[in-house]
2 protein chains.
Amino acid sequence: MTTTDIINRLRIWAADGSNAEKRLAEIVLSDIEYASKASIADLALRAGVSEPTVTRFCRALGCDGIRDFKFKLAQVLAIGGVYLFPEPLVRDERDARIVGAIADGAANAMQRVRDAIDMKTVNEVAQHVVDAGQVYVFGSGGVSSMGAVEMQNRLFRLGVPIVAHTDGQMQRMTAAVCDKRSLVFAISASGQAASIIESVRVARQYGARTITITHPESVLAKEAEACLPFVIPADTQLYKPTSGRYALLFLIDLIAMTTAELIGPSVLESLRRIRVSLSSLNTNDPGRPIGD
Amino acid sequence: MTTTDIINRLRIWAADGSNAEKRLAEIVLSDIEYASKASIADLALRAGVSEPTVTRFCRALGCDGIRDFKFKLAQVLAIGGVYLFPEPLVRDERDARIVGAIADGAANAMQRVRDAIDMKTVNEVAQHVVDAGQVYVFGSGGVSSMGAVEMQNRLFRLGVPIVAHTDGQMQRMTAAVCDKRSLVFAISASGQAASIIESVRVARQYGARTITITHPESVLAKEAEACLPFVIPADTQLYKPTSGRYALLFLIDLIAMTTAELIGPSVLESLRRIRVSLSSLNTNDPGRPIGD
DNA sequence: ACCGGATATGAAAAAAAGCAACATTATATC
DNA sequence: GATATAATGTTGCTTTTTTTCATATCCGGT
């Protein structure tokens, strides 16, 4: 159960639960911060009900007991939301929470990559990119397809022959024309996207080198030669966009930068040409990053 | 104290606290989910220390007691997801430099957004998204077009009628069919992309509301009603992909989350439907994030 | 109106958890 | 090696939570 469900249910019960439930739900909703720390006795007193009623209330909401209930409330609070607080009171605080939740989430996700990433594998991957005659990136689903496109975007600048496909048919067809000089990146957070799994299988049959960026225990991970672990945890907060995207971006940057350094100064030539090709479009501002 | 600080402190203590502290910190870090629900007795047993030591440990970490400690852990989990917090790897200098360069760049970019962001504007923008009959997002160039697509990806989930265009012709044509109920987001790091500037101008002529995510001093910024500042600094490190992308993602997440909360619980219905529509594709795993 | 059964609520006691005061042990310092 | 200080443990008490059992309330059928 996601934490947001609990708020919904509280809402519903505040409207049409039994007497005691109504009062409790109201008390909790009116001050979640208080409720997340109060003892049963306190809560019972405020709502004018008996203590066991509070425990039963929590159970009925799908929690193990009041501890679990408060645990979930704490999580709701960690991210916070308009509808959680009495409106006029806390505009600023709520804003701060939103900013904090996203920033912390991103920082966490990236910290994890930072801690867990095996640079030896990344270095090998980069070497394969350099060696490959043609690189393909397959991704599907919101996060993974962004990753695929982004990877193309990062690597083509280095002069790497790379193309991304987010369409399942294109992935399959492309896989079918792979050969020994091909390198296939397969990105899938779940590791269960059928088109990606099949494409990897086919590409490998034709001798392509295959690298996945996916859940290390997934079907997809087992299909390929190498796997860079990428796990998107079940977000407890549905309102918040998943932080996993930052992790994926990080991973891609690592690959791109390692590859760039491997190629060496000649990447600068590619970058220079890109800049020249843009200079007729935009004003010439040498400080600006290449291609917006 | 932000909630994630607690993890840092735990890390430090796991490395150089006293004996009991070390063991406790390790136990907690090795399974935060467990620690966030365990009783003192449990924790003490596992770490092989006495119960009051656990209480003292929590206090020393800046919490009121074990309750508060567990409360904070719950929040860490809510934000960071059910991530593991593995020991950071030791790596050689070159690897550390690459990882550090990217991580620091991203952290800086996001910190800048955090410092500069005006949540009042973001709230207004979100309100406009909710009110709009149709939302368009235009972006061009590597970073900005990713932003446009990502914005579509984040907002369509909430049931917002939104479409992204990264093609200049499509942008112009779309702008030409705007009306009063249209909302146009124009993303451009440079603020000089011709197609975007023209599209904003045209859309505005037809009564659309226009919001830019761009350099606040740019031509584009002056064309539109509102501007969320987004500046990509000239990266000195040519090998390194620009960190600006993290900042843009951050900005988009802020808008998406604020919008989601403005819409309220009914967004859950959209998300639920998306999940259902995917469940025939993938195995049914309710914990998985929606759409890879 | 009255009955039987289900449901909701409360009182009291048992169980569990958390905490403080004091005791002990380890460590550092001279 | 004595002493002071910090770190940790033991014990028992308090608070919190849960369970058990009793009571009240509601509701449809007679």
Side-chain angles (χ1 to χ4, degrees), chain A residues 1 6 9-29 31-77, chain B residues 6 9-77:
Chain A
M1 184 186 62
I6 223 174
R9 264 195 255 187
L10 280 169
R11 280 260 168 71
I12 293 167
W13 286 25
D16 48 40
S18 72
N19 253 352
E21 284 167 351
K22 252 190 233 175
R23 266 174 301 175
L24 270 171
E26 268 165 32
I27 291 290
V28 173
L29 282 175
D31 194 347
I32 296 187
E33 190 136 27
Y34 158 78
S36 71
K37 293 193 165 165
S39 72
I40 282 191
D42 253 22
L43 233 39
L45 185 68
R46 267 215 203 187
V49 301
S50 72
E51 302 184 9
T53 301
V54 178
T55 301
R56 281 191 283 257
F57 177 76
C58 299
R59 297 249 166 84
L61 277 165
C63 305
D64 284 346
I66 197 174
R67 290 202 155 92
D68 191 39
F69 177 65
K70 292 199 280 193
F71 175 89
K72 293 207 165 84
L73 286 185
Q75 297 205 320
V76 167
L77 280 172
Chain B
I6 221 174
R9 262 196 257 185
L10 280 169
R11 278 225 171 110
I12 293 167
W13 287 25
D16 48 40
S18 71
N19 254 351
E21 284 167 350
K22 251 190 232 173
R23 267 174 301 175
L24 270 170
E26 267 165 32
I27 291 289
V28 174
L29 282 175
S30 74
D31 193 348
I32 294 187
E33 188 142 30
Y34 158 79
S36 71
K37 294 192 166 168
S39 70
I40 283 192
D42 252 21
L43 233 39
L45 184 68
R46 265 214 203 188
V49 301
S50 72
E51 303 185 10
T53 301
V54 178
T55 301
R56 283 189 281 256
F57 178 77
C58 298
R59 297 249 166 84
L61 277 164
C63 306
D64 285 345
I66 196 175
R67 289 193 160 97
D68 191 39
F69 177 66
K70 293 198 281 190
F71 178 89
K72 294 210 165 80
L73 286 185
Q75 299 205 318
V76 167
L77 285 172

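Proteins come first, then strands; the chains are lettered A, B, ... in the order of their sequence lines, and each starts at number 1. Source: prediction; values computed, not measured.
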Taking NZ, NE, NH1 and NH2 as the nitrogens, is one of them in A:K37 or B:D68 under 4.0 Å from a carboxylate oxygen of the other?
yes

Residue from B:V28, B:I27, B:L24 passing side chain to side chain contact (heavy atoms under 4.5 Å, CB included) with B:L10:
B:V28

What is the separation between atom [atom1] on [X] and atom [atom2] on [N], rounded to the nearest whole Å?
X	N	atom1	atom2	value
A:L45	D:dT15	CG	P	16 Å
A:E51	C:dA13	CD	P	14 Å
A:D68	D:dT17	CG	C1'	14 Å
B:I40	D:dG9	CD1	P	14 Å
B:I66	C:dA20	CD1	P	13 Å
A:F57	C:dG10	CZ	P	14 Å
B:L43	C:dC19	CG	P	12 Å

Which nucleotide, [options], lies nearest any side-chain atom of [X]?
X	options	answer
B:T53	D:dG9, C:dA17, D:dT18	D:dG9
B:V49	C:dG18, D:dG9, D:dT19	D:dG9
B:R67	D:dT18, C:dA17, D:dT16	D:dT16

For D:dT17, take OP1 and OP2 only and decide whether either is under 4.0 Å from a side-chain N or O of A:K70.
yes

Is the phosphate of C:dA11 approached by A:S50 (side-chain N or O, under 4.0 Å from OP1 or OP2)?
no

Decide yes or no for B:F71 and A:F71: does some side-chain heavy atom of the first lie under 4.5 Å from some side-chain heavy atom of the second?
no

Beyond-backbone contact of B:I66 with B:F57, side-chain heavy atoms, under 4.5 angstrom
no

Is A:Q75 reaching over with its side chain to a backbone N or O of B:Q75, donor-acceptor style, under 3.5 angstrom?
no

Show your working on side-chain contact (heavy atoms from CB on, under 4.5 Å) between A:C58 and A:L61 and close with a plain yes or no.
CA-CA 5 Å; A:C58 299; A:L61 277 165; 5.6 Å; no

Residues 45-56 of chain A side chain polar contacts: donor-acceptor under 3.5 Å, at least two apart:
{"residue": "A:R46", "atom": "NE", "partner": "A:Y34", "partner atom": "OH", "Å": "3.4"}
{"residue": "A:S50", "atom": "OG", "partner": "A:T53", "partner atom": "OG1", "Å": "2.9"}

Could you pull out the protein-nucleic contacts involving nucleotides 21-27 of chain C (nitrogen or oxygen on both sides, under 3.5 Å)?
none

Using a heavy-atom cut-off of 4.0 Å across all strands, would you classify B:R59 as base, sugar-phosphate, or nothing?
sugar-phosphate

